[in-house]
**Student:** 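My structure is below; once you've seen it, I'll send some questions.
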Amino acid sequence: MDSPKSAGDSSTARIVVRSSMMDSIRACGLSGLAGVRIDKEELRRRLLMPQYLRLAMQDSIRKKDVDGGDQHFLSRGSDDVPYPESPMVVFINPRSGGRHGLVLKERLQQLISEEQVFDLQDVKPHEFVRYGLACLEKWANNGDFCAKEIRENIRVVVAGGDGTVGWVLGCLGELHQKGREPVPPVAIIPLGTGNDLSRSFGWGGSFPFSWKSAIKRTLQRATSGPICRLDSWLVVLQMPGGEVVDPPHSLKATEECCLDQTLEIVGDVPDKVNCYEGVFYNYFSIGMDAQVAYGFHHLRNEKPYLAQGPISNKIIYSSYSCTQGWFLTPCISDPGLRGLKNILRIHIKRVNCSEWEQVPVPKSVRAIVALNLHSYGSGRNPWGNLKPEYLEKKGFVEAHADDGLLEIFGLKQGWHTSFVMVELISAKHIAQASSIRLEIRGGEWKDAFMQMDGEPWKQPMSKDYSTFVEIKRVPFQSLMVSGE
């Protein structure tokens, strides 16, 4: 065992990890059976925006023009228009949730309105932010009281997996950057495979499609749930020019790299570099777990008929991991080459410290994860619930999703990882950090595998020059609606 775990659970208002049993109960909708029956019309009255505002936002988004919906304001009639108590919009990824995505979309449109439910294939989150919300802001500034109240109180529900939730959160982050506050808080309908963000904020690990009342109950909780804060983390990737990489959607090419200049780069630097930036909310990892995820994603893309929902995805994922050397390193390879210690150097900034410090990479580790939440790999907590005396001995603090720290841990071979995932032991604790720099160089390795929030990619490596990955906290926090 790598570390002791505490016997007690935290009961504070911060994010806590729920057991698989509690997730199962929540997923079946049982946690709300004792509640009062939710009246459909009353719920709709609380959520539904006035028609002229719905149509104005819709036209502004469709035309990609803040002024695109002006005609609806000019023809709205009386200025005394009632506004909803809990205005809400929903983003849904209809391809998530197996065959249920389209059915859920229709049900949500019936409960709220077609104009307030956005299909992500048709309306992108940044279009909603730049044109839909901007339309409300424009008319709120022009004296429309209803537009003002809705803009100040609107909430967002995301129906999709962790990648979809992260996409929406990233686009809402534009509001922070441009001073367009308040930023709407986000609730979740879990439609993905892992749903770790959803689990962490009390929305469960899956959605009970067989319970029609569950949709109403979810919307009701989204209107009244308390607001929590979530750290987000900026990833800067700098690689030697000339190398070809196929980055995930969450990484975008940039003209300049903003690596911390207080940590000097040792060794030669290429004349030309390629730079990418992106944001993650749950985890970044490098090594064998990312390699398995990369292979699974390619298999699913090549044979989509194999992946019809979360359960089949997990079965395929588990089976695929057994073929990738995770449990047994192929005899034709030198096992020593499989350890990350051969290619990786780690520097960190510890809590309340501005100086960089190099930390050793354990020899046996084949995957390293920097984790923000307590939920990884469909609700597991590999960091563990650690005893106070162990935290003090290691110089750690109790982990939370809004503490400005990442928990860095290692996974060894597949059997070790299996025991970690069933929470018999903790992962190999390496450090807690407010900033991280990873330096990788090839040698006998031609590629490394990385992933952030479930989006994996193959990262080419050079024998002559290093590739750098720097992770630091975004200055503002995302707002989440708790489903507890």
**Student:** Quick one: list whatever passes ring-ring contact (aromatic ring centres under 6.0 Å, His included) with W139, sequence neighbours left out.
**Tutor:** F73
**Student:** Any chance the rings of H72 and Y52 have centres within less than 6.0 Å?
**Tutor:** no
**Student:** Name the residue from E455, M450, Q451 that meets the side-chain contact (heavy atoms from CB on, under 4.5 Å) definition with P248.
**Tutor:** E455
**Student:** Going by the rule side-chain contact (heavy atoms from CB on, under 4.5 Å), which residues pair with V351 if we only count those two or more places apart in sequence or in a different chain?
**Tutor:** L405
**Student:** If you measure from the Lys or Arg side-chain nitrogens to the Asp or Glu carboxylate oxygens, is any gap between K349 and D260 under 4.0 Å?
**Tutor:** yes
**Student:** Check salt bridge (Lys or Arg N to Asp or Glu O under 4.0 Å) between K178 and all other residues, then give those that pass, not counting sequence neighbours.
**Tutor:** none
**Student:** Looking at Q71, I'd like to know if its CD atom is crowded, meaning that more than 12 non-hydrogen atoms belonging to other residues, nucleotides or ligands lie closer than 6.0 Å.
**Tutor:** yes
**Student:** Can you tell if the side chain of L53 reaches within under 4.5 Å of the side chain of C135, non-hydrogen atoms only?
**Tutor:** no
**Student:** Does a donor on one side chain and an acceptor on the other come within less than 3.5 Å for E115 and Q58?
**Tutor:** no
**Student:** Does the distance from a Lys or Arg side-chain N to an Asp or Glu carboxylate O, for E42 and R45, drop under 4.0 Å?
**Tutor:** yes
**Student:** Report yes or no: does Q116 contribute a side-chain atom to a donor-acceptor pair with the main-chain N or O of L47 at less than 3.5 Å?
**Tutor:** yes
**Student:** Do the ring planes of W383 and F396 sit parallel (below 30°), tilted (30 to 60°) or perpendicular (above 60°)?
**Tutor:** tilted
**Student:** How long is the span from the CZ atom in F476 to the CG atom in L172, to the nearest 0.5 Å?
**Tutor:** 10.0 Å
**Student:** Please list, chain by chain and in numerical order, all residues satisfying side-chain contact (heavy atoms from CB on, under 4.5 Å) with N153, sequence neighbours excluded.
**Tutor:** P87, E149
**Student:** Could you tell me whether the side chain of I188 reaches within less than 4.5 Å of the side chain of L197, counting heavy atoms only?
**Tutor:** yes
**Student:** Taking the side chain as every heavy atom from C-beta outward, state whether V165 and Y281 have any pair of such atoms under 4.5 Å apart.
**Tutor:** no
**Student:** With a 3.5 Å cut-off and no angle check, do the side chains of W457 and D246 form a donor-acceptor pair?
**Tutor:** no
**Student:** Who pairs with E174 by salt bridge (Lys or Arg N to Asp or Glu O under 4.0 Å), at least two apart in sequence or on another chain?
**Tutor:** R130
**Student:** What distance do N381 atom CG and L386 atom CG have between them, rounded to the nearest 0.5 Å?
**Tutor:** 8.0 Å
**Student:** How many angstroms lie between atom CG of L251 and atom CD of E277, to the nearest 0.5 angstrom?
**Tutor:** 9.5 Å
**Student:** When you look at L120 and W167, which way does the side chain to side chain contact (heavy atoms under 4.5 Å, CB included) test go after all the steps?
**Tutor:** CA-CA 10 Å; L120 284 165; W167 184 16; 4.1 Å; yes
**Student:** Ion pair present between K105 and D119, side-chain N to carboxylate O less than 4.0 angstrom?
**Tutor:** yes
**Student:** State the CG-CD distance between L438 and E470, to the nearest 0.5 angstrom.
**Tutor:** 9.5 Å
**Student:** Any pair with a residue in residues 132-142 that passes salt bridge (charged side-chain N to carboxylate O under 4.0 Å, His left out), sequence neighbours left out, goes on the list, sorted by first then second residue, please.
**Tutor:** D67-K138, D70-K138, E137-R151, E137-R180
**Student:** Residues two or more places apart in sequence or in another chain: which of them pass side-chain hydrogen bond (donor to acceptor under 3.5 Å, both in side chains) with Q177?
**Tutor:** none
**Student:** For F91, give me all partners under ring-ring contact (aromatic ring centres under 6.0 Å, His included), at least two apart in sequence or on another chain.
**Tutor:** F118, F128
**Student:** By side-chain hydrogen bond (donor to acceptor under 3.5 Å, both in side chains), which residues pair with E127, not counting sequence neighbours?
**Tutor:** K64
**Student:** List the residues meeting ring-ring contact (aromatic ring centres under 6.0 Å, His included) with Y131, not counting sequence neighbours, and say none if there are none.
**Tutor:** none
**Student:** For D65, what residues pass the salt bridge (Lys or Arg N to Asp or Glu O under 4.0 Å) criterion, not counting sequence neighbours?
**Tutor:** none
**Student:** Sequence neighbours excluded, which residues qualify as salt bridge (Lys or Arg N to Asp or Glu O under 4.0 Å) partners of K148?
**Tutor:** E152
**Student:** Between OG of S200 and CG of N282, what distance do you get to the nearest 0.5 Å?
**Tutor:** 6.0 Å
**Student:** Is a side-chain donor-acceptor pair under 3.5 Å present for D162 with Y283?
**Tutor:** no
**Student:** Using a cut-off of 6.0 Å, state whether more than 12 heavy atoms not belonging to D122 lie near its atom CG.
**Tutor:** yes
**Student:** Before you tell me yes or no, could you show the steps for L108 and I215 under side chain to side chain contact (heavy atoms under 4.5 Å, CB included), namely the whole-Å CA-CA distance, both residues' side-chain angles and the distance that decides it to 0.1 Å?
**Tutor:** CA-CA 8 Å; L108 287 166; I215 302 176; 3.8 Å; yes
**Student:** Given side chains that start at C-beta, do those of L406 and S435 come closer than 4.5 Å, heavy atoms only?
**Tutor:** no
**Student:** Measure the CD1-CD1 distance between I436 and I471 for me, rounded to the nearest 0.5 Å.
**Tutor:** 4.5 Å
